[in-house]
Amino acid sequence: MILDKSEVRKIAQLARLHISDADVDEIGHRIKEILTLVDQMQSVETKPVEPLYHPFDAVQKLRPDVVTERNNREELQKLAPKAEMGLYLVPKVLD
Amino acid sequence: MEWESIIGLEVHVSLSTKSKLFSGTASTFGAEPNTQANIFDLALPGTLPAFNENALQMAVFFGLAIGAKIGKRSIFDRKNYFYPDLPKGYQVTQLDFPTVGKGSLTISLEDGTEKVIGVTRAHIEENAGKSLHEEFTDQSGIDLNRAGEPLLEIVSEPEIKNAKEAVAYLKKLHSIVRYLDISDAIMAQGSMRCDVNVSIRKKGDNKLGTRTEIKNINSFRFVEKAINSEIIRQQEVIEDGGTIIQETRRYDANKDITSSMRSKEVANDYRYFPEPDLLPIVIDDSYISSIQSALPELPDAKQRRFISDYGLSKYDAGVLTATRELAEYFEQVAKKCGDAKSAANWVTGSLLALLNKDDIEIIKSPIDAERLASLIGRIKDNTISGKIAKNLFEIMATNFSSVDELIEKRGLKQVTDVGEIEKLITKVLNDNPNQVQQFADGKEQVLGFLIGQAMKASQGKANPEQVNELLKEKIKQKR
């Protein structure tokens, strides 16, 4: 299994994590360990096993369609670093 | 080179629940920014989803309406990506086990034939918020009112051949959703949105070409234009020796072109996994049949009934069943006036022209079904002529008195009294001796002119059939 520095950087970018150059090797090494474990798990024969979607053997309860929350914008926007004209402000994003 | 295009549609419909998909926050359109965004919708730590039963019912309702297989066990998954209007960092959706499985709907093509378009699936998911990039410099404003609003994403099979079929499919979908009343489905307001996948291949090829996806088109007309423009672009690229890149594009309506939305960033991997905060949604046959029993008569069935019960043409029946409200209006008129064909003619003709002119919805029509029915009734009982009725219809659009009152007050009553009509005719014949002579010389066309003069003299109120008959009689006597 190959995991070079550029791959570590790409994964970090996808996860929006900033990592310093000094840490790249160490992180790469740790990811590799995880991937080795994943490989080991991949080798297990799972065909006869029914996939598990949730650890609990239970069914989702449903909520009646009723409005229970009130407008609490003023309080909530106090938690935000920046809000203006009712909007939460973030560094400019363009897709 | 002959090309053929293959189109698939992904349509997002906002479900018109009162509250959001996973929280008790109100979910109505047009509220002040962030006044419908509470702790769960903002993804504050420790909050958990509580699934809205109405969203499930609406999804099943839709599934049954398109004859789809209903998933008795549906599972929510997380689709992970980073964007500021998605505070959780993931969208909850249904990947492998959607609530609505394979179904289909039938579209009518311009040549009168029908075509069945497969629906691959429809899954429940939550909406993201809205980012506003224009208002601020170096900052984006985030409105999370829409975040967590329930959506149904309806995915078609790639069985649509051209832009016209795509629009017909979209309109049929819109009509079904409106009949079921599970969404406002107003494209301009975003409660119905459409992503289009387009690819082309040489005619006769079996392999699909590389497709592009055009995102977020917000009107029926633009869907048609965007597809046509993208098909031409792809043809030009290939004919110039290029290849199509699989990518997301946007449609610019002003320039009538699509352009790439590709960002410089690394392509996203959504890292789907089952949503651990929600258990599987399990429903049984009795749940499904109780919803089935609430299904209204759908547009196709209604159209067939209008043809067989009222003897309407397929085209008229199609127009009249486009929306449930219009169909109800027509049926009210037909029942009250007892003449379905006249009712259909008036509704598809004068009424729709009146409404379309000012973009008025049928439920806000200035002429309600009752008044239109009595107008038709007054033509049938010969109180007014068809021509007068057209004028009266125009008056009724701005004057809300009853039909009988208007006829009375404006003196529109048709003259059927033989004596009075005879008087009119005698005067016309005396005033136009030249034409009478021409008729005597065998020039029968002048009859039309003389009838016109008589009608004019009666201000359109004389019964045209009587005028016709009596005039012929009188003029022959003169010969």
Side-chain angles (χ1 to χ4, degrees), chain A residues 3-19 31 34-35 38 41 46 49-95, chain B residues 17-20 22-27 31-42 44 50-57 73 75-76 82-85 87 96-97 129 131-133 135-144 261 263 265-266 268-269 271 274-276 278-282:
Chain A
L3 195 75
D4 60 28
K5 287 184 186 189
S6 69
E7 276 181 297
V8 174
R9 289 209 174 85
K10 184 178 156 189
I11 293 165
Q13 195 198 349
L14 280 171
R16 300 293 195 277
L17 292 174
H18 175 77
I19 54 172
I31 294 176
I34 296 168
L35 292 178
V38 171
M41 285 157 62
T46 54
V49 183
E50 202 185 312
L52 177 75
Y53 291 98
H54 202 280
F56 299 156
D57 184 20
V59 165
Q60 181 63 38
K61 277 215 173 110
L62 304 179
R63 170 181 65 85
D65 182 19
V66 177
V67 175
T68 53
E69 301 289 313
R70 278 200 316 235
N71 171 23
N72 198 17
R73 183 173 80 180
E74 213 173 307
E75 285 301 306
L76 290 167
Q77 293 204 327
K78 284 181 193 160
L79 305 172
K82 221 172 167 193
E84 235 177 77
M85 294 159 64
L87 299 164
Y88 294 95
L89 294 192
V90 298
K92 187 136 204 144
V93 274
L94 281 171
D95 47 15
Chain B
T17 53
K18 291 189 191 75
S19 62
K20 292 193 176 180
F22 297 123
S23 81
T25 306
S27 181
E32 283 289 303
N34 291 309
T35 54
Q36 296 184 358
N38 286 302
I39 51 173
F40 175 82
D41 321 308
L42 298 173
L44 294 193
F51 183 46
N52 185 338
E53 63 175 5
N54 202 10
L56 178 66
Q57 273 181 30
R73 185 166 180 268
I75 306 226
F76 281 110
F82 293 108
Y83 207 75
D85 59 24
D96 294 319
F97 298 94
S131 302
L132 298 136
H133 305 296
E135 262 90 317
F136 309 91
T137 45
D138 301 326
Q139 307 226 270
S140 292
I142 308 294
D143 176 5
L144 295 170
M261 278 171 74
S263 61
E265 288 172 42
V266 187
N268 235 321
D269 176 340
R271 293 159 286 141
E275 160 64 292
L278 287 160
L279 290 154
I281 316 293
V282 176

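To find a chain, count down the sequence lines: A is the first, B the second, and so on, and within it residues start at 1.
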Response to the item:
Residues Asn52(B) and Arg63(A): closest non-hydrogen pair is CB-NH2, 3.3 Å
Practice prompt. Show the numbers, then the answer: is there a side chain to side chain contact (heavy atoms under 4.5 Å, CB included) between Glu69(A) and Gln36(B)?
Written response: CA-CA 9 Å; Glu69(A) 301 289 313; Gln36(B) 296 184 358; over 6 Å; no
Item to complete: Look at Leu144(B), Thr137(B), Thr35(B) and state which one has the largest set of heavy-atom pairs under 4.5 Å with chain A.
Response: Thr35(B)
Discussion item. What part of Pro84(B) gets within 4.5 angstrom of chain A, counting heavy atoms only: side chain, backbone, both, or neither?
Written reply: side chain
Item to complete: Check each atom of Phe76(B) against the heavy atoms of chain A and say whether the ones under 4.5 Å are side chain, backbone, both or neither.
Response: neither
Worksheet item: Which bit of Ser27(B) is near chain A, if near means a heavy-atom gap under 4.5 Å: side chain, backbone, both or neither?
Response: neither
Practice prompt. For the residue pair Leu279(B) and Tyr53(A), establish whether any side-chain heavy-atom pair is separated by less than 4.5 Å.
Written response: no
Worksheet item: Between Asp138(B) and chain A, which part of the residue has a heavy atom less than 4.5 Å away: side chain, backbone, both or neither?
Response: backbone
Worksheet entry | Heavy-atom side-chain proximity of Leu87(A) to Ile142(B) below 4.5 angstrom | no
Discussion item. Is Ala26(B) close to chain A through its backbone or its side chain, or both, or neither, when contacts mean heavy atoms under 4.5 Å?
Written reply: both
Discussion item. Can you tell me which of Gly141(B), Pro274(B), Ser131(B) forms the most heavy-atom pairs within a distance under 4.5 Å of chain A?
Written reply: Gly141(B)
Fill in: Close side-chain approach of Val59(A) and Ile281(B), heavy atoms under 4.5 Å
no
Worksheet item: Is the CD atom of Glu74(A) crowded by more than 12 outside heavy atoms at less than 6.0 Å?
Response: no
Worksheet item: So which of Val66(A), Leu76(A), Val67(A), Leu79(A) has the biggest tally of heavy-atom pairs under 4.5 Å with chain B?
Response: Val67(A)
Fill in: side chain to side chain contact (heavy atoms under 4.5 Å, CB included), paired with Asn38(B), selected from Asn72(A), Thr68(A), Asn71(A)
Asn72(A)
Worksheet item: Given that the side chain runs from C-beta out, which part of Gln77(A) has a heavy atom under 4.5 Å from chain B: side chain, backbone, both or neither?
Response: side chain
Fill in: Side chains of Gln139(B) and Lys82(A) in contact at under 4.5 Å (non-hydrogen atoms)
yes
Worksheet, complete the sentence: Note: Lys92(A) and Ser140(B) closest approach over all heavy atoms is CA-OG, 3.5 Å
Response to the item:
Looking only at Gly129(B), Pro33(B), Ala55(B), most heavy-atom pairs under 4.5 Å shared with chain A are made by Pro33(B)
Worksheet item: Looking at side-chain heavy atoms only, is the closest gap between Leu56(B) and Leu62(A) below 4.5 Å?
Response: yes
Item to complete: Identify the two heavy atoms, one from Pro280(B) and one from Ala58(A), that lie closest to each other, and give their separation to 0.1 Å.
Response: CD-O, 3.7 Å
Item to complete: Identify which of Glu84(A), Lys61(A), Gln60(A) forms the greatest number of heavy-atom pairs closer than 4.5 Å to chain B.
Response: Gln60(A)
Worksheet item: Which atoms of Gln57(B) come close to chain A, meaning under 4.5 Å heavy atom to heavy atom: side chain ones, backbone ones, both, or neither?
Response: neither
Worksheet entry | Shortest non-hydrogen contact from Asp65(A) toward Ser19(B) | OD1-OG, 2.6 Å
Item to complete: Name the region of Leu42(B), side chain, backbone, both or neither, that has any atom closer than 4.5 Å to a heavy atom of chain A.
Response: side chain
Worksheet, complete the sentence: Note: vs chain B, highest number of non-hydrogen pairs under 4.5 angstrom among His54(A), Arg70(A), Glu75(A) is His54(A)
